[in-house]
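Residue numbers count from 1 along this sequence. These figures come from a predicted structure and were not determined experimentally.
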Amino acid sequence: MCFLTSVVLVLTYVAVVSRAPMHWIAILVVAACIAVLPFVIVSILSALREQDMPITAATVTTGVVLSSMIAILSAARIPMSYLGLLFCAPVLLVAMTLATLRMQRGFLGRTAVLEFAGAAAVKRELGKSCSIIHLSDAPNWDFDRVLIDVPSHHTPEWSGILIKCYARK
């Protein structure tokens, strides 16, 4: 998704800028910086995966990184088209918001519920991407989130598994 976003951003910028008289070297420098933006933003957003508000995190991160790029290019005295950047900003913002939502959905896909009486109901609520871990299966799994029922799982049988869950992060 980052590569496609980079291509669309560069094409958008070049399409807007090509109508005005500018140096092609400056256009290529700015286009290269624009092409790197999605990769930088996704890297930052992947570190912020535990956010409760992914759309806000994507918007703020995109704004900060884009503003930083503009400030660095301005400080380097590289001529750029602010109109071209204005046309690129919504494309970048929408793409990074969608990427953040897809990352959040992907992280939620690795969720499991430890076996207890209501585990099937919890699995129905979370969808088919949620798994139920039985006591015999417990050592052989890899999930980001493991949901427990406190009265059922704070027992000697499950204590070893819970210690492994707590120690993972």
Please give me the minimum heavy-atom distance between [X] and [Y], naming the atom from each residue.
| X | Y | answer |
| --- | --- | --- |
| Val10 | Ala35 | CG2-CB, 3.8 Å |
| Phe116 | Val113 | CE2-CG1, 3.7 Å |
| Phe3 | Phe39 | N-CZ, 3.9 Å |
| His153 | Glu115 | NE2-O, 2.8 Å |
| Ser6 | Pro38 | OG-CG, 3.5 Å |
| Cys88 | Ile34 | SG-CD1, 4.4 Å |

Spacing of CD1 belonging to Ile78 relative to SG belonging to Cys33, to within rounding of 0.5 Å: 6.5 Å

Measure the spacing between CG of Asp149 and CH2 of Trp158 and express it to the nearest 0.5 Å. 11.0 Å

Atom pairs and distances, side-chain donor-acceptor, residues 22-29, under 3.5 Å, sequence neighbours left out:
none

Tell me who clusters with Phe87, hydrophobic residues only, linked when side chains sit under 4.5 Å apart either directly or through other members. Val16, Leu83, Leu86

Taking ILVMFWY side chains as joined if any heavy atoms are under 4.5 angstrom apart, and letting links pass through other members, which residues group with Val64? Val60

For Val40, the option from Val36, Leu37, Val42 that meets side-chain contact (heavy atoms from CB on, under 4.5 Å): Val36

Among Leu147, Ile133, Val122, find the one that has a side-chain contact (heavy atoms from CB on, under 4.5 Å) with Leu114. Ile133

If two hydrophobic side chains count as joined below 4.5 Å and joins carry through other members, does Tyr82 share a cluster with Val30? yes

Does CD1 belonging to Ile148 count more than 12 external heavy atoms closer than 6.0 Å? yes

Side-chain donor or acceptor of Thr61 paired with backbone N/O of Ala58 under 3.5 Å: no

Are the side chain of Ser159 and the backbone of Pro156 linked by a donor-acceptor contact shorter than 3.5 Å? yes

Tell me which donor-acceptor pairs under 3.5 Å the side chains of residues 91-100 have, and how far apart each pair is, sequence neighbours excluded?
residue : atom : partner : partner atom : Å
Thr97   : OG1  : Leu93   : O            : 2.8
Thr100  : OG1  : Met96   : O            : 2.8

Tell me, please, which residues at least two apart from Thr155 pass side-chain hydrogen bond (donor to acceptor under 3.5 Å, both in side chains). Glu157

side-chain hydrogen bond (donor to acceptor under 3.5 Å, both in side chains) involving Ser43 - partner list, sequence neighbours excluded: none

Stepwise, does the side chain to side chain contact (heavy atoms under 4.5 Å, CB included) test hold for Leu85 with Met69? CA-CA 11 Å; Leu85 294 173; Met69 185 209 66; 4.0 Å; yes

